[in-house]
Amino acid sequence: MSTDITDSEDATETEGVSNAEVTGGDTEDVIDPASEGERQGIRSQAEGGIVAQLRLDHAALFLRPTLRNAPDVTVKPEYWTTIEPGRTVVFVTVYGREFDPFETALAADPTVADPVLVDRYPDSRVYRVTRTDRAVTVTAETAALGGRLLDLSSSRDGWLVQLRFPDRERLVAFNDYCREHDISVTVDHLRVSDDESDGVVALTDKQQALLTVAHEEGYFDVPRGISQDELAERLDVSKSAVSQRLRRAIGELCAATLP
């Protein structure tokens, strides 16, 4: 829901009710924000910036024990919310073919509690978990540095995250934070986030390898010359990994080339 922001003096009244009536005091007791100095405009960090695709790993990262024991699924957090102090609930979608190993590992994961299966689909399931205080996270530090989380999904070696920072210095500060907390950081690729950029996108080596094989073997032809199952077999990865890698690669290409 949007809220209109206005510099009008009338904005200090609500539905014809004066400030005095709202606060229960005299109007002279009400501090006009404008009287405290000139109002500050909205600061912008939209120009420039840097987008980093990183692989993060730590033994106690959120859901990392589960990912280690169920490597054949792809996990994608959808959203999280703090219901009360100390209780953050996270909804995650899990893509794969076999979910029993994942659920067994989830039940024993010390970084989460009270796991609940919320929805079931042919090739994915949605779970709700409560994050425990034993879970290591980076979202708060990302926000504190002015960064924004663009994408987050699991990989065989931890979490694959895409973050946007206003400048290189904030990215370096994030890397320093991870190093201080023994969080392993591997850079897949970096690119400048700029309206005036030439649209060049840097795919990861794995994405490039997948797209190369898919193109050469006719995956994009009609009819298709190779299926996702066959691509997974060729590259020795799971079908869910092929699906997620294709989606991210095509998304990167579209974002870089479409107006």
Please identify each residue that fulfils salt bridge (charged side-chain N to carboxylate O under 4.0 Å, His left out) with [X], with sequence neighbours left out.
{"X": "Arg156", "result": "Asp72"}
{"X": "Glu103", "result": "Arg125"}
{"X": "Arg131", "result": "none"}

Residues pairing under side-chain hydrogen bond (donor to acceptor under 3.5 Å, both in side chains) where one sits in residues 212-226, two or more places apart or in two chains, turn out to be Glu217-Arg234, Tyr219-Arg224, Tyr219-Gln228

Excluding Leu150, membership of its hydrophobic cluster (Ile, Leu, Val, Met, Phe, Trp, Tyr; side-chain heavy atoms within less than 4.5 Å) reads Val51

Say you draw a straight line from [atom1] of [X] to [atom2] of [Y]; how long is it, rounded to the nearest 0.5 Å?
{"X": "Thr142", "Y": "Leu163", "atom1": "OG1", "atom2": "CG", "result": "5.0 Å"}
{"X": "Gln244", "Y": "Leu160", "atom1": "CD", "atom2": "CG", "result": "10.0 Å"}
{"X": "Leu67", "Y": "Leu61", "atom1": "CG", "atom2": "CG", "result": "9.0 Å"}

What are the two closest heavy atoms between [X] and [Y], and how far apart are they?
{"X": "Ser154", "Y": "Val73", "value": "OG-O, 3.9 Å"}
{"X": "Leu145", "Y": "Arg170", "value": "O-NH1, 2.9 Å"}
{"X": "Asp109", "Y": "Leu63", "value": "OD2-CA, 3.3 Å"}
{"X": "Ala59", "Y": "Arg68", "value": "CA-NH2, 3.9 Å"}
{"X": "Ser240", "Y": "Thr74", "value": "OG-OG1, 3.6 Å"}
{"X": "Asp188", "Y": "Arg55", "value": "OD2-NE, 3.0 Å"}

Would you please name every residue forming a side-chain contact (heavy atoms from CB on, under 4.5 Å) with [X], sequence neighbours left out?
{"X": "Tyr121", "answer": "Asp119, Ser124, Val126"}
{"X": "Glu230", "answer": "Ile226, Ser227"}
{"X": "Ala209", "answer": "none"}
{"X": "Ala105", "answer": "Thr66, Asn69"}

Residues passing the ring pair (Phe, Tyr, Trp, His ring centres under 6.0 Å) test with Tyr177, sequence neighbours excluded, are His181

The ring pair (Phe, Tyr, Trp, His ring centres under 6.0 Å) partners of Phe174 (sequence neighbours excluded) come to Phe165

* Counting N and O atoms only, with roles assigned by atom type, does the side chain of Trp159 sit under 3.5 Å from a partner on the main chain of Phe62, one being a donor and the other an acceptor? -> yes

Notebook entry, point to check: Can you tell me if Thr132 uses its side chain to pair, donor with acceptor, with the backbone of Thr111 under 3.5 Å?
Noted result: yes

- prompt: Are Leu56 and Val172 in one and the same hydrophobic cluster, where Ile, Leu, Val, Met, Phe, Trp and Tyr link if side-chain heavy atoms are under 4.5 Å apart?
  reply: no

- Query: So does Arg134 have more than 12 non-hydrogen atoms from other groups sitting under 6.0 Å from CZ?
  - Reply: no

For residues 83-101, dump all side-chain donor-acceptor pairs below 3.5 Å to protein atoms at least two apart in sequence or in another chain.
| from | atom 1 | to | atom 2 | distance (Å) |
| --- | --- | --- | --- | --- |
| Thr88 | OG1 | Thr82 | OG1 | 3.1 |
| Thr93 | OG1 | Glu78 | OE2 | 2.9 |

